[in-house]
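Protein chains get the first letters and strands the later ones, always in sequence-line order, with residue 1 at the start of each.
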Number of protein chains: 2
Amino acid sequence: MALSSTATVVPLGKGERTAARIREIALDQFSRLGFERVTMAGIADAAGVSQATLHHHFGDKDQLWRAAMLGLANVIAEEERLLAAAQDAPAITQLRMAMRLFLQISWKHPALGRIVALEGMAGGERLAWLNEHLLGGRNRRLAALVRRAIADRELKPFPPEQVVVTLQAGAVGIINLRPLLQVNFGVDPDTPRGRTAHEELVLDGLFAGLLTDGTGVKKKLGTRRTRR
Amino acid sequence: MALSSTATVVPLGKGERTAARIREIALDQFSRLGFERVTMAGIADAAGVSQATLHHHFGDKDQLWRAAMLGLANVIAEEERLLAAAQDAPAITQLRMAMRLFLQISWKHPALGRIVALEGMAGGERLAWLNEHLLGGRNRRLAALVRRAIADRELKPFPPEQVVVTLQAGAVGIINLRPLLQVNFGVDPDTPRGRTAHEELVLDGLFAGLLTDGTGVKKKLGTRRTRR
DNA sequence: TGAAAAGCTGATCACAGAATCAGAAATTCT
DNA sequence: AGAATTTCTGATTCTGTGATCAGCTTTTCA
């Protein structure tokens, strides 16, 4: 039940507090199990309220889902803010930073990656909603960065939209297929060490490629950490 | 309702025919919607039989799921066979071929990638089953190839298991996040042209990296097609 | 050809989960 | 304090879904 820092200073009333708690729990469950496997009773239980309370605050299950998703808006805004600080850097640097940020943020807020993967695969109305309200702007901005990086001759001239989704899909896939990693190789990526190794692998793998440059020596790239 | 070529020569009886049809439809629906969103009634409807028939042939929903999944065994066997033909080639070549095969096969049998993604993300009993009965051997074989390729100094020395899952996740993610691609950029990867471009992007992107080598000229790699 | 087995169905049951509602309890407002 | 409003609940309804079963039809086979 660790709650995120809601930046509001207003001392929210009782109703708003339980509503917020419900939203958090709902976000967690929705992202973990997917829409269908989540039950109103389950959320109510975890939140320590009656099922009817959920309906009182949010109407129906769909509306609760949307309310919960808006909790991710903060997360994305956080990424935007950190990225905006580097807006004068070369496009390729910003791109790399964006991917690193996404991985780090996905680590801090696992719901983000899981939701993108789950709904991105399912398609349908919920994906459309997510895109309109949460992801669309970010994706368009990334595509613009890719275009600039290609113009700068820093990226190979693949179709920019596909590059964005490739980067995104790679990251999302890797974040979410952890169970596969665990089941197959007994590796636990849920440790600080494992996580860092994973990040490096993803970033270097995607950007610089897995192949050596022929000499057997891994060329060290600019992987400097984003300052916090 | 285009049915795949069941290689059996025995002129299967009526019961086996409908059972096979049910399995096919079930595989399609399970991979598309995930276990929970699939209903027995839906499958029965699509197969043109009564719901009770499903239970007659397969017992319960879980058993039907497993029966349907075994349909993928052929697909994986097909990959194995094509790959075995190149077992004397360098490990890195085999790896690249394996990835290309996986992409091509996933195109021909979309259920494979979707299932791996869906269940790989969900974890749980069904993933364990899949791993034991379908994917485990393949993954271990890929890991061995990666190890050899690293020993040959062809791949950077990342942890082999993570490399496998990275490759797999990248491919799976890209195959399955098509709706995301479509929603965001209006690109339709479901065309021969789009598909090929996609394959190249994934393979070159993952293996050689998205970055140019500094000269702005894309180094052409051995992307020769597997003969059929 | 006739009996046995296999294939299949409509009807029905049991149950989980979403949604509703009247009213109790708590909070806010004047 | 007392009214009004908000917050919350237990009980209930309703719908969708998995599963069962008795019996009809078709196929198999001796």
Colleague: Heavy atoms from C-beta onward define the side chain here; which of C:dC8, D:dT9, D:dA19 lies closest to that of B:H56?
Modeller: C:dC8
Colleague: Can you tell which of D:dT7, C:dA18, C:dG10 lies closest to the side chain of A:T39?
Modeller: C:dA18
Colleague: Compare side-chain N and O positions of B:T53 against OP1 and OP2 of C:dC8 and report whether any pair is under 4.0 Å apart.
Modeller: no
Colleague: Nearest whole Å is fine: how far is C:dC21 P from A:H55 NE2?
Modeller: 12 Å
Colleague: Strictly distance-based, threshold 3.5 Å: is any side-chain N or O of A:Q94 a donor or acceptor partner for the main-chain N or O of A:L83?
Modeller: no
Colleague: Can you tell me the distance, in whole Å, between the CE atom of B:M40 and the P atom of D:dT20?
Modeller: 10 Å
Colleague: Is B:K108 paired with B:E79 through a side-chain N to carboxylate O contact shorter than 4.0 Å?
Modeller: no
Colleague: Mind telling me whether A:W65 and A:F30 have parallel, tilted or perpendicular rings, with 30° and 60° as the class edges?
Modeller: perpendicular
Colleague: Checking contacts here: which listed nucleotide (D:dT20, D:dC8, C:dC8) is nearest the side-chain heavy atoms of A:T18?
Modeller: D:dC8
Colleague: Where the side chain of A:A52 is defined as all heavy atoms beyond and including C-beta, which of D:dC8, C:dC21, C:dG10 is the nearest nucleotide?
Modeller: C:dC21
Colleague: Starting at atom CG of B:D62, determine the distance to atom C1' of D:dT17, rounded to an integer number of angstrom.
Modeller: 14 Å
Colleague: Would you please confirm or rule out a distance under 4.0 Å between OP1 or OP2 of D:dC8 and any side-chain N or O of A:H57?
Modeller: yes
Colleague: Could you check how far CD of B:Q63 sits from P of D:dG18, rounded to whole Å?
Modeller: 15 Å
Colleague: Would you say A:H109's side chain and A:I105's backbone share a donor-acceptor pair under 3.5 angstrom?
Modeller: no
Colleague: Kindly point out which of C:dA19, D:dT9, C:dC8 is positioned nearest to the side chain of A:V49?
Modeller: D:dT9
Colleague: When you get a sec, tell me which of C:dC8, D:dA19, D:dT9 is the closest nucleotide to the side chain of B:Q51?
Modeller: D:dA19
Colleague: Specify the separation, in whole Å, of atom CG of A:D45 and atom C1' of D:dT9.
Modeller: 14 Å
Colleague: To the nearest Å, how far apart are A:R37 CZ and D:dT17 C1'?
Modeller: 17 Å
Colleague: Starting at atom CD1 of B:I22, determine the distance to atom P of C:dT9, rounded to an integer number of angstrom.
Modeller: 9 Å
Colleague: Nearest whole angstrom, please: distance from the C1' of C:dA18 to the CD of A:E36.
Modeller: 14 Å
Colleague: Assess the residue pair A:T39 and A:D45 against the criterion (side-chain contact (heavy atoms from CB on, under 4.5 Å)); give the C-alpha distance rounded to whole Å, side-chain angles, the decisive distance to 0.1 Å, and a yes or no.
Modeller: CA-CA 10 Å; A:T39 69; A:D45 232 37; over 6 Å; no
